[in-house]
Asker: 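Supplied in structure tokens, the structure appears directly below.
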Amino acid sequence: MSKQPETTEVLSLFTHLQNVVWAETHEHWKTIDAYLNGTFDLWPAGVKGPKAYPAKPSSILENAASFNMPQVAHITRPARKKGNKKQEKADDVELFLTAMLDDVTRKESTLTIPTFRRHVLAYGYGVLEGPLVDNKAEEIKGKLQSPFRVRAPHPQRVLMAPHERHPGEAFKSVRMFARDIDALVARKGGGDAKVFSGVWLDGHNPFDDFDTKQYWSEDWHLFFVDDALLYVEENAWGFLPFLQTFSGWGAEPTELTKLNPKSLAVGILDHSLDSLKRHAQRTAATHNALMEAGLFQYGYEGKQDATQVAQALAAGALLQGKKDEYWFKETPNLPAWMFQAGGEIDADIEEATYSRDLGGRRQPGVNTVGQQEILSSRSDRKFDAPAVGIDATVTELCSNVLRLVKVLDVDVTIRGETIGPKDVNEDYAVEVTYQRDDPVMQIQQRVQGREDVKLGILDPETALTDAGRENAQEILRKA
């Protein structure tokens, strides 16, 4: 185990990562948020134009996250040796990890894996925190019940070295209520942690919030409140509980004068921000013209009191006076082409983000399901890079879960699936791939698998595995 890091050194590293390394990237993410939330500056400074924010930026992101990224996790764990019993143990681990991913996602209010996927697409960078051990987990008949937590914090809350796939250190910065810090101090004080009680005294309003920082390495865990060290403990798990990945759409610039991850953290909107602004300007201008034409204004040049005339108009009462005393405010006679313009903007946005057919819309000239499927499968390749990063990150997460089962040295049960240290056996190899399950292709594959089994050119276990069943031997045993 390495020596406990110095407090000043830890805080200096935090400041450098936050204010130097990640500062420009974090500022850019605020721009992305402004486009997603419809709060960006629509017109140049000094120009008071009409405002209308179409839902296109958020629609692009939500469609990409929902339709274009694979949603179903397929977990594979190779058996260390040949034999039915070894394969059965490997199948048990696969089922356990599948239950674990579903369990940890549902435990969090923000839904861990979908939120992580959304961060990768929106900001070009995502972070997973975990696995962590839930201190509220119950032990029933010697088996720990659903003890793991995995979160997807906002990438700005976590700081790591950006150019390392496996950083040795990580920071998490959040604000916490005083009562939660009180509970943390009480819990850590009863364990192996060294608590500096003088840093945190009673008497706070329970709902006062404080800036907290956590420093993690493979050997140590330090907790700070307002830059004062509150407690320090050894990291008994032996791994860093933070994982990171970029979208794969970015690349380092030719000239790199300082460590700056902005060029790597490229999200789905980054290359179309200018076109999205022009699209919003066009929408606002068109809507303003329609409002001017539809909600016309009256004018009056007679001898009556103009206020009384306005009141009569508002009440829908009978108007008095001569016909030529009333007039309408003229509106510009806009040509029809102005309302049809903007096709090139839409095309530019589509080319920079993803093809419209990925959102479930049929392309013009496409008449058959086969044609549409070919176009969709080709368009899906844009998402291959972020999908690889997400798969690799979740794979590492699952490997760390197996490490944690070994460290806890107890059987763990999640949704009826149980494994223990003997099932892990110091083998943390596992592979997770998220796949898009196409019902038509699944039916075709199962029919073809059945025919191949009948012809004797494929064994039943392989046919079940090819069909996506992760416990083929158990299914055959019960058949």
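Values in this document were obtained by computation on a predicted structure and should not be read as measured data. Residues take their numbers from the sequence shown, with the count starting at 1.
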Asker: If you measure only the distance, is there a donor-acceptor pair under 3.5 Å linking the side chains of Glu27 and Trp29?
Answerer: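 No donor-acceptor contact under 3.5 Å links the two side chains.
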Asker: Checking Lys188 against Phe223: charged group under 6.0 Å from the ring centre and within 45 degrees of the axis?
Answerer: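 Checked: cation-pi criterion not met.
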Asker: Taking the side chain from Lys107 and the backbone from Ser146, do they hold a donor-acceptor pair closer than 3.5 Å?
Answerer: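 Such a contact is found between Lys107 side chain and Ser146 backbone.
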Asker: Under a 4.5 Å cut-off applied to non-hydrogen side-chain atoms, are Arg415 and Asp103 in contact?
Answerer: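 The answer is yes, as the side chains (C-beta and beyond) meet within the 4.5 Å cut-off.
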Asker: Does Asp391 reach the main-chain N or O of Tyr434 with its side chain, forming a donor-acceptor pair under 3.5 Å?
Answerer: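 Looks like yes, one N/O pair under 3.5 Å.
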Asker: Checking Ser59 side chain against Ala55 main chain: does a donor-acceptor pair fall under 3.5 Å?
Answerer: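 Checking the backbone N and O of Ala55 against the side chain of Ser59, no donor-acceptor pair under 3.5 Å is found.
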Asker: Is it the case that the side chain of Asn288 and the backbone of Ala284 share a donor-acceptor pair, with hydrogens and angles ignored and the cut-off at 3.5 Å?
Answerer: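 No, Asn288 side chain to Ala284 backbone: no donor-acceptor pair under 3.5 Å.
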Asker: Let me confirm one number: the CD-OG distance from Glu350 to Ser272, rounded to the nearest 0.5 Å.
Answerer: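 One gets 11.5 Å once the value is rounded to the nearest 0.5 Å.
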Asker: Using a strict threshold of under 4.0 Å (side-chain N to carboxylate O), is an ion pair present between Glu94 and Arg77?
Answerer: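 Between Glu94 and Arg77 there is no salt bridge, as every charged N stays at least 4.0 Å from the carboxylate O atoms.
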Asker: Please confirm whether Arg403 makes a cation-pi placement over Tyr428, using NZ or CZ under 6.0 Å from the six-membered ring centre and within 45° of the ring normal.
Answerer: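 Arg403 over Tyr428 ring: yes.
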Asker: State the CD-CD distance between Gln244 and Glu129, to the nearest 0.5 angstrom.
Answerer: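 Atom-to-atom, Gln244:CD and Glu129:CD are 14.0 Å apart.
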Asker: For His28 and Tyr123, does a side-chain donor sit closer than 3.5 Å to a side-chain acceptor?
Answerer: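 Their side chains do not contain a donor-acceptor pair, so the 3.5 Å distance test is not met.
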Asker: Does the Ser399 side chain pair with the main chain of Thr395, one donor and one acceptor, at a distance under 3.5 Å?
Answerer: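 The answer is yes, because a donor-acceptor pair under 3.5 Å joins these two groups.
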Asker: Mind running side-chain contact (heavy atoms from CB on, under 4.5 Å) on Ile268 and Ser247 for me, showing each step along the way?
Answerer: CA-CA 9 Å; Ile268 194 168; Ser247 64; over 6 Å; no
Asker: Report the distance from atom OG1 of Thr245 to atom CD of Glu396, rounding to the nearest 0.5 Å.
Answerer: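 The distance works out to 9.0 Å.
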Asker: Please assess Glu344 against Arg278 for the test salt bridge (Lys or Arg N to Asp or Glu O under 4.0 Å), listing each intermediate value before the final yes or no.
Answerer: CA-CA 11 Å; Glu344 73 284 355; Arg278 287 187 286 128; 5.2 Å; no
Asker: If you take all heavy atoms of Phe116 and Gly126, which pair is closest and at what distance?
Answerer: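 Distance-wise, the nearest heavy atoms are CE1-C, 3.5 Å.
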Asker: Roughly how far, to the nearest 0.5 Å, is CD of Glu24 from NZ of Lys262?
Answerer: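 It is 4.5 Å, given to the nearest 0.5 Å.
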Asker: Does some side-chain heavy atom of Thr76 sit less than 4.5 Å from a side-chain heavy atom of Val430?
Answerer: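 Answer no - side chains too far apart.
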Asker: I need the minimum non-hydrogen distance between Ala170 and Met160, along with the two atoms involved.
Answerer: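 For Ala170 and Met160, the tightest heavy-atom pair comes out as CB-CG, 3.5 Å.
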Asker: Under 6.0 Å between the ring centres of Phe14 and Phe224?
Answerer: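 For Phe14 and Phe224, the ring centres are not under 6.0 Å apart.
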Asker: Please report the interatomic distance CG(Leu397) to OG1(Thr112), rounded to the nearest 0.5 Å.
Answerer: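 Between atom CG of Leu397 and atom OG1 of Thr112 there are 9.0 Å.
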Asker: Between Thr115 and Arg118, is any side-chain donor less than 3.5 angstrom from a side-chain acceptor?
Answerer: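 No, because no side-chain N or O of Thr115 sits under 3.5 Å from a partner of the opposite role on Arg118.
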Asker: Are the side chains of Leu276 and Lys56 in contact, using a 4.5 Å heavy-atom criterion?
Answerer: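 The answer is yes; the side chains approach within 4.5 Å.
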Asker: Taking side chain as C-beta onward, heavy atoms only, is Trp237 less than 4.5 Å from Pro131?
Answerer: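 In short, these two side chains do not touch, never coming nearer than 4.5 Å.
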Asker: Is His154 atom NE2 crowded by more than 12 heavy atoms from other residues, nucleotides or ligands, each under 6.0 Å away?
Answerer: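 Atom NE2 in His154 is crowded, with more than 12 foreign heavy atoms closer than 6.0 Å.
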Asker: Just do the side-chain contact (heavy atoms from CB on, under 4.5 Å) check on Met100 and Phe148 with the steps written out, would you?
Answerer: CA-CA 8 Å; Met100 181 275 300; Phe148 302 127; 4.2 Å; yes
Asker: Side chains of Asn135 and Arg187: closer than 4.5 Å at any heavy-atom pair?
Answerer: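 A side-chain contact under 4.5 Å exists here.
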Asker: With the side chain counted from C-beta on, respond yes when Thr98 and Glu417 share a heavy-atom pair under 4.5 Å apart, and no when they do not.
Answerer: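 No - every pair of side-chain heavy atoms lies 4.5 Å or more apart.
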Asker: For Thr433 and Val394: C-alpha separation, side-chain torsions, deciding distance, then whether side-chain contact (heavy atoms from CB on, under 4.5 Å) applies.
Answerer: CA-CA 8 Å; Thr433 56; Val394 179; over 6 Å; no
Asker: Looking only at side chains, do Asp348 and Ser275 share a donor and an acceptor under 3.5 Å apart?
Answerer: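 A donor-acceptor contact under 3.5 Å links the two side chains.
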Asker: Does some side-chain heavy atom of Pro162 sit less than 4.5 Å from a side-chain heavy atom of Phe246?
Answerer: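 Yes, side chains in contact.
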Asker: Could you walk me through whether Arg175 and Asp208 pass the salt bridge (Lys or Arg N to Asp or Glu O under 4.0 Å) test, one step at a time?
Answerer: CA-CA 10 Å; Arg175 295 194 70 84; Asp208 286 341; over 6 Å; no
Asker: Which heavy atom in Asn235 sits nearest to a heavy atom in Ser217, and how many Å separate them?
Answerer: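 Here Asn235 and Ser217 meet closest at ND2-O, 2.8 Å.
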Asker: With distance as the sole criterion, is a donor-acceptor pair present between the side chains of Gln18 and His26 under 3.5 Å?
Answerer: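 Checked: Gln18/His26 side chains show no N/O donor-acceptor pair below 3.5 Å.
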Asker: Would you check if the side chain of Asn37 reaches a backbone N or O of Thr39 as a donor-acceptor pair within less than 3.5 Å?
Answerer: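 A pair under 3.5 Å: no.
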Asker: Is there a side-chain contact between Glu169 and Leu13 in this structure, where contact means two heavy atoms from C-beta onward sitting under 4.5 Å apart?
Answerer: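 Yes. Closest side-chain heavy atoms under 4.5 Å.
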Asker: Check whether Trp43 forms a cation-pi arrangement with Lys277 (NZ or CZ under 6.0 Å from the six-membered ring centre, at most 45° off the ring normal).
Answerer: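 Relative to the ring axis of Trp43, which defines the angle, Lys277 lies outside at least one limit.
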Asker: Is the count of non-hydrogen atoms from other residues, nucleotides or ligands lying under 6.0 Å from Asn19 atom CG greater than 12?
Answerer: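 Yes, enclosed.
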Asker: Any sub-3.5 Å donor-acceptor pair from Asp270's side-chain atoms to Gly267's backbone N or O?
Answerer: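 Checked: pair present.
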Asker: Does Arg157 make a cation-pi contact with Phe171 (under 6.0 Å, within 45 degrees of the axis)?
Answerer: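 Here Arg157 fails the 6.0 Å and 45° test against Phe171.
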Asker: Evaluate the criterion salt bridge (Lys or Arg N to Asp or Glu O under 4.0 Å) for residue pair Lys382 and Asp384; output intermediate values, then yes/no.
Answerer: CA-CA 6 Å; Lys382 176 181 178 65; Asp384 284 352; over 6 Å; no
Asker: Considering all heavy atoms of both residues, which atom of Ala392 and which atom of Arg165 are nearest to each other, and what is their separation?
Answerer: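 Closest heavy-atom pair between Ala392 and Arg165: CB-NH2, 3.2 Å.
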Asker: Could you tell me whether Phe239 and Trp216 have their ring centroids closer than 6.0 angstrom?
Answerer: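 Here the rings of Trp216 and Phe239 have centres that are no less than 6.0 Å from each other.
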Asker: Given side chain to side chain donor-acceptor pair (under 3.5 Å), test His74 with Glu431 step by step and report yes or no.
Answerer: CA-CA 8 Å; His74 290 269; Glu431 183 178 2; over 6 Å; no
Asker: Calculate, to the nearest 0.5 Å, the distance between atoms CG and CG belonging to Asp227 and Asp211 respectively.
Answerer: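 Spacing of CG (Asp227) from CG (Asp211) equals 7.0 Å.
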Asker: For residues Ala122 and Leu36, report the shortest heavy-atom separation together with the two atoms involved.
Answerer: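 Heavy-atom minimum between the residues: CB-CD1, 4.5 Å.
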Asker: Could you tell me which non-hydrogen atom of Phe177 sits nearest to which non-hydrogen atom of Pro206, and how far apart they are?
Answerer: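 Distance-wise, the nearest heavy atoms are CB-O, 3.6 Å.
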Asker: Okay, side chain of Thr212, backbone of Val174: is any donor-acceptor separation there less than 3.5 Å?
Answerer: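 At least one qualifying donor-acceptor pair exists.
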